[in-house]
Each structure stands twice: as structure tokens, then as C-alpha cells.
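Quick notes on the structure that follows.
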Amino acid sequence: MKGYYSEGQWIDWIDALADRDYVSIDNFLPDEVLHQVKTMLKEQLKVDHFKDAGIGSVFNNLKEPSIRSDKTFWLDRQRDQNISGYFEMVEELIQKLNRYCFLSLSGFEFHLAHYPEGTFYKRHLDSFSDRSNRMISMIIYLNQNWQKGDGGELVIYKGNDAITIEPLENRCVIFKSQELEHEVLTSKKDRFSVTGWLLHQPSGVGFILG
Ligand code: OGA
Ligand code: NI
């Protein structure tokens, strides 16, 4: 999927990210790639490989259900060849950010996330105090037919503003991990996403986190 978007399109998105610290892009993944990711999600739900998510880095990965109650399944570039189109899109984004934002990103870690009914993630920052190499957060929602009232909106806090983003299928939200606090409001229905971080250095250990 390399070269799916024009250079000008990438520059517009990256300019928006640089100016406002976040950008939201609708219909981001090509149909074929979205399909690959949704197939992977269905398979992993069936075999029940999702685990309760933690709130720290691998050095200090506490489970704290009063802060966060979603479940995650960590992805692996080598193992998960059936979503290679997805990883290629991520690599292309990294290449553009390095070129236009001088960011020196050199790795990434992604998981599938499942917020069952009644779950949430309270206001937080994505970078850890003991491992601060998460530079950019990237979320793509996988909720076909999300409706108002279903909950699970992402709220981004920026200065005095609270920006609410509905988790619509194939909407991609990219933001600066160390700048923007955000939260996931209580979901009233199953809510799915592929979520991850572009790293200053590869950690290679995300997949052993819960
Ligand atoms: C996270 C997170 C937001 C979302 O996983 O750190 O904030 O909308 N996710 O799923
Ligand atoms: Ni977060």
C-alpha cells in the first residue's frame, strides 16, 4: 500500500498535526487494508487472546481498572503478516513525519483494543514517566454503524478546549503523545480500534504488555 496517498495529501495532514497537535482523518485505510485489520480483529476475538490492559510501561505495568478497563491484543510486525498492508501505511506515515517534521521516529508498537460495554479510559497522557519514547499516538476506529448514544467518544484536552471525536469506522486520529491529555468516555457497546504509538526508538516489547 506504499504510495496510496499523494505527497501533498501527507503534507496537509502533517501540517495540521504540527499546528494543532492532532489531526483526524476520515476513511483513512484503503478498503483492502481495513478489511485485513477487521478480519484479524474477528479472529482474535474468537480465540479470545485479548488481555486486561495496564497503565504503565513494561517495567511497571499495573492493572488499574478504575482508570482503564479496556482489553488489548498486541500486534507483531513479523508474526502478523496478514495485516502487512496496515504496517506499510504506518511505515509510510513514519517516513513522512521524519521527512517533514524532523522527528527521528524509528519504531512503533500497536495493539487491537476492545472496550466492552461499560468500559472507559480516564484522562491521561500516553507517554510513561519511566519510558518516554512514545512520540505520536495513532488510533483507527473499527466500529461499523457507530451511533450517537453508543458512547466511547475520544475527548482530547487542549488548553481550555475539550474536543470530542466520535469513534467512527476507519476514522484515524493522530496526536502528539507527550502534549495532549485525552480520555475515552464510557462505551455503551463493544468498541474496537487499532491503536499504537510511533517511537523515538523501537521498544520491541509492547507485545508482552497486557
Ligand atoms: C489509549 C487511548 C484512545 C481511544 O489507548 O491510550 O487513549 O480513542 N485510546 O481509543
Ligand atoms: Ni491514550
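Excluded from the calculations below are hydrogen atoms, water molecules and symmetry mates; all remaining heavy atoms, backbone and side chain alike, are included. Order of listing sets the numbers, starting from 1, for every ligand and every atom in it.
- Contact annotation for R191 and ligand 1: only side-chain heavy atoms (C-beta onward) come within less than 4.0 Å of the ligand.
- Checked by distance only, ligand 1 and H182 come closer than 3.5 Å through their nitrogen or oxygen atoms.
- A salt bridge does not link D48 with K46: every distance from a Lys NZ or Arg NE/NH1/NH2 to an Asp or Glu carboxylate oxygen is 4.0 Å or more.
- Q178 is listed as a side-chain neighbour of M135, based on a closest heavy-atom distance under 4.5 Å.
- For the Ni ion (ligand 2), the nearest N, O or S atom contributed by D126 is named OD1.
- Relative to the ring axis of Y115, R191 places its NZ or CZ within 45° and under 6.0 Å from the centre.
- Some N or O of Y141 is nearer than 3.5 Å to an N or O of ligand 1, by distance alone.
- The side chain of H124, and not its backbone, has at least one atom closer than 4.0 Å to an atom of ligand 1 (non-hydrogen atoms only; side chain from C-beta on).
- Every residue two or more places apart in sequence or in another chain that forms a ring pair (Phe, Tyr, Trp, His ring centres under 6.0 Å) with F192 is listed here: H114.
- Under a 4.0 Å criterion applied to the non-hydrogen atoms of T195, ligand 1 contributes the atoms 5 (O).
- The aromatic ring centres of F50 and W74 sit 6.0 Å or more apart.
- Using a 4.0 Å cut-off between a side-chain N of Lys or Arg and a carboxylate O of Asp or Glu, D21 and K176 qualify as a salt bridge.
- Under 4.0 Å from ligand 1, not a single heavy atom of V173 appears.
- Nearest protein neighbour of atom 6 (O) of ligand 1, counting heavy atoms only, is D126 OD1, 3.0 Å.
- Using a 4.0 Å cut-off between heavy atoms, F175 makes no contact with ligand 1 at all.
- Close approach of ligand 1 to W197 is summarised as follows: ligand atoms under 4.0 Å from at least one heavy atom of the residue are 6 (O).
- Here the side chains of L180 and Y157 are not in contact, with every heavy-atom distance at 4.5 Å or above.
- The heavy-atom pair separating L112 from V194 by the smallest distance is CD2-CB, 4.0 Å.
- Nearest non-hydrogen protein atom to atom 1 (C) of ligand 1 is Y121 CE1, 3.7 Å.
- Which parts of ligand 1 touch L154 is read off a 4.0 Å heavy-atom cut-off, strictly below it: atoms 3 (C), 8 (O).
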